[in-house]
**Student:** 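Pasting a structure below so you can have a look.
The analysis underlying the following values was restricted to heavy atoms, covering all of them including side chains, and did not include hydrogens, waters or symmetry mates. Throughout, a chain's letter reflects where its sequence line sits, starting with A, and its residues are numbered from 1.
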2 protein chains.
Amino acid sequence: MEASSSSPSSPPGNADSTFTSVKQEINSTPSSPSETSSPTGHKNKEHYVPADSNSSSTTKSFVPCKVCGDKASGYHYGVTSCEGCKGFFRRSIQKQIEYRCLRDGKCLVIRLNRNRCQYCRFKKCLAVGMSRDSVRYGRVPKRSRERSIEENSRVTTSDEADQSSRDVDAGPSQYHNLFLTISQAHMTNCVYTDEHIQNLIENPLVFPPSIPEENGAASSTAESIDKQRCWLWQHTASRITPSIQRLVEFAKRVPGFTELQQDDQLILLKLGFLEIWFCHVAKMTTETSFMFEDGLKLSKQQLEIMYDVDFVNAFLEFTRTFNGLHVSDEEIGLFSAVILFTPDRFGINDKKKIESLQDKLIQAMKFQVVRKFPEDTKIYMGLVSKMNDLRVLAAKFFVHLEWLQENWTRVTLPPLFAEIFDIPKEDAQ
Amino acid sequence: MEASSSSPSSPPGNADSTFTSVKQEINSTPSSPSETSSPTGHKNKEHYVPADSNSSSTTKSFVPCKVCGDKASGYHYGVTSCEGCKGFFRRSIQKQIEYRCLRDGKCLVIRLNRNRCQYCRFKKCLAVGMSRDSVRYGRVPKRSRERSIEENSRVTTSDEADQSSRDVDAGPSQYHNLFLTISQAHMTNCVYTDEHIQNLIENPLVFPPSIPEENGAASSTAESIDKQRCWLWQHTASRITPSIQRLVEFAKRVPGFTELQQDDQLILLKLGFLEIWFCHVAKMTTETSFMFEDGLKLSKQQLEIMYDVDFVNAFLEFTRTFNGLHVSDEEIGLFSAVILFTPDRFGINDKKKIESLQDKLIQAMKFQVVRKFPEDTKIYMGLVSKMNDLRVLAAKFFVHLEWLQENWTRVTLPPLFAEIFDIPKEDAQ
DNA sequence: TAAGTAGGTCACGAGGTCAC
DNA sequence: GTGACCTCGTGACCTACTTA
């Protein structure tokens, strides 16, 4: 029950011979960021491969736009950016348009909403260093390779094009940059954001006729309970798996992650996923029910069938207190990154590096939260204390996985899901 | 307080054993001119070392393109020029393209904007003497060395290859050439130009939570004031330092500077920097605030914490009147050169030479300003009178440096900053 | 032969276009 | 107004050629 102990899940050990699905996720570029939820239908020039992808992974290297996180088409006005932001910036400076923000001038600019506020989009363009002065004509010098590598490992969004003076200052503005980068990565990849869930259509899970429903009080046979459990896990697994994929995409955009050795990347993802997922789905949870990203709703009773009363109570208690902190989506993103970079996961090699990265993230989170509520460090402290709760909760969850590890033949599990939770697979050759 | 007296700063004395950072700045070629602010990513052939750097300094010899000031790659079409201008000129004469200027045909051609007006770029190419007739093939004769030296000391931009008829005229056109050379150097290196600052994102400095803000009137403890002062100097120093570097780059491109003995170069930079910096940042200053090149904004109250009411008032008064002269960026550049070549700085050896160089600069400035407003010598006189104000202002600033000289352990100061303001350093071996 | 440049090459990005 | 696609100018490198 002590939080500092490592997760009960089995260590990845020889990470080279296993976890093929997770590795695939890490190494392959996503078809498009969250293409699942929005069809922008990219067909950009594929020639923009600045890093040449020798940075431990990412073979095809998806390069995000510094402004909105969409797929960058090249280096425009001094900044790696997409066709959209390039065109928008060009029009803005050509016509010298004055924009105005209808809100507080702090809109988060991501692909999904980049057209909602021109003021904040243009502001972001400038913030990341777009400028007519920074245009680069002609062939790219060979050192672009080194530059992109170095750029990747730098823990900041500021492009190499902008004033070095900004780099001198390792303080607040760096933290804010880090916050923006991670917010963007989170908002692009997570589907449990306020925006995504506001228009959900509830869809309570009902058992099929083949599985007798326990509407009475007494008639619950052990057999029907077991069938229900299968049914519940089936649905749960198919909905957890996309979240794993998205976490991988998120992780790849957290500065420093792709520079870790691949074994460590795997361990962080494998042992961090659940804790992060709990944070994301907290807002989907009420006293009596839990809802997935697609509106599928499980009642508290159904949850208790899957797990047990003890876990469900612990889970509901966590979500209740976590929701009580009133953390914004952006902050949840930053917090997710902090959890991801937990240095003392079992089996980690380069603990030091992860520790220092987490340190930066924690500083950024502290800075962000304290800036928002200067009078009140309660939220920051609350988040920190939640890190322990999450470990405990995840440990409890892992216990219930034992049922799956025994009954894996009765549920069709996506490979990625099976791998991350150490569940045997069909083709165990 | 008398303007003719030397600055209270300690004289450089044995310049050989100290000021290593400043010397490094002087002697080393910049990775690229103002690469800090723009990533044109140069990696030209390094073999272009025409002067072989025996001119007192410049060991690696950055040679600017006569057309745009970018790093020259050699001698093309009779002119020391960069790959860009070489290719541009070749294409222009090959295709016999007729260009047109969308403005008044007087665009300043510097690296940052050389692609914005082909007409003015081509005009500049011709003006500096580019021609198909002037091509030089094959190995460079030994006399190149003498030529480069002579070329450097000549106070003109006109290349040695161009029509000698132009050289006969030592009057107005020479001043205009000097003006163009210095404008180019200034626009390339200074970040406080209109173009750079037009799209700044304001970023008011806020004290971190660890430093209690004095929002009330009475509760300002001496201790918190002191902490605030540290914080303010920290930010200021990290932003002043790049300006010092840029001034060195600027100075190296003012005709005659690199021919001075190194001790004199150091003294001019050391004692001239502040005055020049005040001129550059004047436009960033309003009645109530001051802004750095990256948008970081200090309130008048914060300035008064750093310095005192007297200095802040003097500074604001200077900026107010200086801004009232409505001097253009190019003219600020020329004025900066005039201030740089102040002959009566403490410790100067070759006063005569500096005097004669400053004389030329003053003539050029007068010529330039009077040409612009023929009916009105007020601006010229205004500038001249500002030279005294600047000395007084700098003297007042130096007094406040005493605080830093005592508290240097509490602020992390860049070596260059520490050196130019005589602040003790960690490794005082 | 060695040093050094004109001209060619082609990866790239600015700016324009137009269906949406 | 937006952004996928297009055209064309740009300039980092390269080769061929010139001259000491």
Side-chain angles (χ1 to χ4, degrees), chain A residues 32 39-50 65 67-68 70-95 97 99 111 113-118 121-122 130-145 161, chain B residues 32 39-50 52 65 67-68 70-95 97 99 111 113-118 121-122 130-144 161:
Chain A
S32 178
T40 316
H42 295 279
K43 214 171 71 178
N44 295 333
K45 285 187 250 179
E46 289 297 333
H47 76 257
Y48 193 61
V49 189
C65 165
V67 181
C68 73
D70 194 3
K71 184 174 190 173
S73 70
Y75 191 76
H76 308 293
Y77 301 98
V79 171
T80 299
S81 46
C82 66
E83 281 296 312
C85 291
K86 165 195 156 191
F88 171 76
F89 186 76
R90 186 185 64 240
R91 263 173 265 125
S92 300
I93 52 174
Q94 277 175 339
K95 301 178 192 166
I97 306 171
Y99 300 123
R111 182 171 68 83
N113 65 6
R114 66 187 174 203
N115 289 321
R116 287 203 206 140
C117 178
Q118 295 176 307
R121 190 183 193 182
F122 189 60
M130 272 192 165
S131 147
R132 272 197 107 187
D133 290 345
S134 307
V135 298
R136 180 182 69 193
Y137 279 89
R139 181 185 285 243
V140 174
K142 270 187 185 161
R143 80 165 218 272
S144 65
R145 154 189 293 234
Chain B
S32 178
T40 314
H42 297 275
K43 208 177 83 178
N44 294 331
K45 283 187 251 181
E46 291 296 336
H47 75 258
Y48 193 62
V49 190
D52 201 10
C65 166
V67 181
C68 73
D70 194 4
K71 185 175 187 174
S73 70
Y75 191 75
H76 307 292
Y77 302 98
V79 171
T80 299
S81 46
C82 66
E83 282 294 311
C85 291
K86 165 195 155 192
F88 171 76
F89 186 75
R90 173 166 42 81
R91 260 173 271 125
S92 299
I93 53 176
Q94 278 174 339
K95 300 180 193 163
I97 306 171
Y99 300 123
R111 184 174 65 82
N113 63 10
R114 66 187 175 205
N115 288 313
R116 289 195 209 156
C117 180
Q118 295 173 309
R121 190 183 192 181
F122 190 61
M130 271 192 166
S131 148
R132 244 192 176 150
D133 305 331
S134 311
V135 298
R136 180 184 70 188
Y137 278 96
R139 180 189 281 247
V140 175
K142 272 187 184 165
R143 69 165 219 276
S144 69

**Student:** Can you tell me the distance, in whole Å, between the CZ atom of A/R136 and the P atom of D/dG11?
**Tutor:**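 Taking atom P of D/dG11 as the reference, CZ of A/R136 is at 12 Å.
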
**Student:** Can a donor-acceptor pair be found between the side chains of B/N115 and B/R121 at a distance below 3.5 Å?
**Tutor:**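 Their side chains do contain a donor-acceptor pair, which is all the 3.5 Å distance test asks for.
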
**Student:** Quick one: the side chain of B/R91 and the base of D/dG11, do they pair up donor-acceptor inside 3.5 Å?
**Tutor:**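 Counting by modelled atom types and ignoring angles, a donor-acceptor contact under 3.5 Å is found here.
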
**Student:** Report yes if a side-chain nitrogen or oxygen of B/R111 is closer than 4.0 Å to either non-bridging phosphate oxygen (OP1 or OP2) of D/dT10; otherwise report no.
**Tutor:**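 Looking at the OP1 and OP2 atoms of D/dT10, neither is under 4.0 Å from any side-chain N or O of B/R111.
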
**Student:** Flag the pair B/Y77 / B/I93 as yes when at least one side-chain heavy-atom distance between them is below 4.5 Å, and no otherwise.
**Tutor:**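 A side-chain contact exists here, since the closest heavy-atom pair is under 4.5 Å.
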
**Student:** For a quick test of reading the model: is some side-chain N or O of B/Q94 closer than 4.0 Å to OP1 or OP2 of C/dG8?
**Tutor:**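 For C/dG8, OP1/OP2 do have a side-chain N/O of B/Q94 under 4.0 Å.
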
**Student:** Side chain of B/Y137 only, heavy atoms from C-beta on: which candidate in C/dA6, D/dT10, C/dG15 is closest?
**Tutor:**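 Of the options given, the side chain of B/Y137 lies nearest C/dA6.
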
**Student:** Do A/K86 and C/dG13 share a donor-acceptor pair, side chain to base, under 3.5 Å?
**Tutor:**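 There is none.
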
**Student:** Grab the CZ-P distance between B/F89 and C/dG7 for me, whole Å please.
**Tutor:**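 B/F89 atom CZ is separated from C/dG7 atom P by 10 Å.
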
**Student:** Is the A/F88-A/Y99 ring centre distance short of 6.0 angstrom?
**Tutor:**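 When the ring centroids of A/F88 and A/Y99 are compared, they turn out to be within the sub-6.0 Å range.
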
**Student:** Output the rounded distance in Å from CD (B/Q118) to C1' (C/dA14).
**Tutor:**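 To the nearest whole Å, that distance equals 12 Å.
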
**Student:** Which part of the nucleic acid, if any, lies within contact of B/R116, taking any heavy atom under 4.0 Å across all strands shown: a base, the sugar-phosphate backbone alone, or nothing?
**Tutor:**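 Counting heavy atoms under 4.0 Å across all strands, no contact is made by B/R116.
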
**Student:** Have a look at A/G84 and say if it touches a base, only the backbone sugar-phosphate, or nothing, with a 4.0 Å heavy-atom cut-off.
**Tutor:**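 Sugar-phosphate contact only.
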
**Student:** Nearest-Å distance, OH (A/Y77) to P (C/dC12)?
**Tutor:**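 Nearest whole value for this atom pair: 19 Å.
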
**Student:** Could you tell me how far apart A/R139 (CZ) and C/dG7 (P) are, to the nearest whole angstrom?
**Tutor:**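 Those two atoms, CZ and P, are 19 Å apart.
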
**Student:** Let me spell it out: for each of B/R90 and A/F88, pick the nucleotide of DNA chain D with the closest heavy atom. Which residue's pick is nearer the 5' end?
**Tutor:**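 Closer to the 5' end of DNA chain D: A/F88.
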
**Student:** Let me confirm one number: the CD-CZ distance from B/Q118 to B/R91, rounded to the nearest 0.5 Å.
**Tutor:**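 Between B/Q118 CD and B/R91 CZ, I get 9.0 Å after rounding to 0.5 Å.
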
**Student:** From the set C/dG7, C/dT5, C/dG13, return the single nucleotide nearest to any side-chain atom of B/R132.
**Tutor:**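 For the B/R132 side chain, the nearest candidate turns out to be C/dG7.
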
**Student:** Could you check which nucleotide pairs with D/dA4 in any of the strands shown, counting Watson-Crick or G-U wobble with both distances under 3.5 Å?
**Tutor:**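 Across any shown strand, D/dA4 pairs with C/dT17.
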
**Student:** Given C/dA14, D/dC13, C/dA6, identify the nucleotide with an atom nearest to the side chain of B/H76.
**Tutor:**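 Given the options C/dA14, D/dC13, C/dA6, the side chain of B/H76 is closest to C/dA6.
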
**Student:** Whole angstrom is fine here: how far is it from OH in B/Y75 over to P in D/dA20?
**Tutor:**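 About 14 Å, once rounded to whole Å.
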
**Student:** Take atom CD of B/E83 and atom C1' of C/dG4, then tell me their distance rounded to the nearest Å.
**Tutor:**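 It works out to 12 Å between those atoms.
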
**Student:** Mind running side chain to side chain contact (heavy atoms under 4.5 Å, CB included) on B/R90 and B/M130 for me, showing each step along the way?
**Tutor:** CA-CA 10 Å; B/R90 173 166 42 81; B/M130 271 192 166; over 6 Å; no

**Student:** Separation of B/K95 atom NZ from C/dG8 atom P, in whole Å?
**Tutor:**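 Atom-to-atom, B/K95 to C/dG8, this comes out as 10 Å.
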
**Student:** What's the closest nucleotide to the side chain of A/N115 if the choices are D/dT2, C/dA14, C/dG7?
**Tutor:**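 That would be D/dT2.
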
